[in-house]
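Quick note: numbers below take in every heavy atom, side chains included, and nothing from hydrogens, waters or symmetry partners.
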Protein chains: 2
Amino acid sequence: MKMDGALSALNALSHETRLAAYRRLVKAGPDGMSVGELREELDVPPATLTAHLNVLRVADLVQDQREGRVIRVTANFDQMNALLAYLTENCCADARQCEPAPVCVPHTRRGTR
Amino acid sequence: MKMDGALSALNALSHETRLAAYRRLVKAGPDGMSVGELREELDVPPATLTAHLNVLRVADLVQDQREGRVIRVTANFDQMNALLAYLTENCCADARQCEPAPVCVPHTRRGTR
DNA sequence: TCCGTAATTCTGGAATAGTAGAAACATGAA
DNA sequence: TTCATGTTTCTACTATTCCAGAATTACGGA
């Protein structure tokens, strides 16, 4: 990950509604959930949620897929992990060693792939 | 970590200068570096750097300590790890299991403790 | 005590981000 | 077609953040 990617991911997550949305999607796992379900849980107006989702989309933290009338949104775990790695990169490089990065790896993406 | 803490940490990191500063401090390890050294590497006006450092301070991502005329700033690794854990918390809870959190643990804090 | 350096606070103008109503678009069903 | 539902785009208003010059405080040395 480059700095720009990290910045846009961090920026996307640094807002109450977006962080809540993202964490909800992380909890939901690889199946994700529909925009409507999300909207209901977060209790924000549709236009507001869309604006926030767009920020998360541009940051590549979530992806979505139309299923008929519904749009299903899922967290992009790879991007999250890349961000975590970026943040801990070079940890203590000037001094001593210390353990490297994290990981959250969902085991399958039900249905697809 | 509570949501407020995560938000303020994420917000603090979601700015080019602050992210660069923070990463530089992570690289510096437990010894940190002086505000002046940091200022020179980042090449920003003093007032601007102070403003950014204050954001990182409030977020508890860095801590500092006066040493005579110089102020030595260090990354707060515990806070970083808490943030990483927060972000991956409940990963896939609705679906299947997946590995938990990360860590960056500097082995000693030279001099102090 | 006076000076120089390190860093901070104060300040206000410029730029950016958040909010949500209303209108529009997309899809599936009748 | 026409209709209802899900979601997005458009838009304008408001609030917040960014920036950096100038003034100020903190400290150590002569």
Which residue is it: B:V62, B:L25, B:D60, B:L61? I am looking for the one with a side chain to side chain contact (heavy atoms under 4.5 Å, CB included) to B:N76. B:D60
Write down the distance between CG (A:L53) and P (D:dG6), rounded to a whole number of angstrom. 16 Å
When rounded to whole Å, the CG to P distance for the pair A:L42 and D:dT7 reads 13 Å
Between protein and nucleotides 25-30 of chain D, map the contacts as a letter string: B base, S sugar-phosphate only, - none, heavy atoms under 4.0 Å, written 5' to 3'. -SBB--
Give a yes or no on whether a salt bridge exists between A:D64 and A:R57, defined as a side-chain N under 4.0 angstrom from a carboxylate O. yes
Summarise how protein sits on nucleotides 13-23 of chain D as a single string, 5' to 3': B when a protein heavy atom is under 4.0 Å from the base, S for sugar-phosphate-only contact, - for no contact. -----SSBBB-
Rounded to the nearest angstrom, tell me the gap between atom CD1 in B:I71 and atom C1' in C:dT9. 12 Å
Nearest-nucleotide pick for A:N54, side chain only, options being D:dT9, D:dT7, C:dT8: D:dT9
By side-chain hydrogen bond (donor to acceptor under 3.5 Å, both in side chains), which residues pair with B:E40, not counting sequence neighbours? none
From CG of A:L56 across to P of C:dG18 the rounded distance in Å is 11 Å
If you count every heavy atom of other residues, nucleotides or ligands that lies below 6.0 Å from B:E16 atom CD, does the total exceed 12? no
By the definition side chain to side chain contact (heavy atoms under 4.5 Å, CB included), identify the one residue from B:T48, B:V44, B:V55 that meets it with B:T17. B:V44
A:R72 side chain to A:D31 backbone, donor-acceptor under 3.5 Å: yes
How far apart are the closest heavy atoms of B:L13 and B:L19, and which atoms are they? O-CB, 3.5 Å
Base, sugar-phosphate or nothing for A:R72? Non-hydrogen atoms, less than 4.0 Å. nothing
Grab the CD-P distance between A:Q65 and C:dT27 for me, whole Å please. 14 Å
Length of the line joining B:D64:CG and C:dA6:P, which is rounded to integer Å: 17 Å
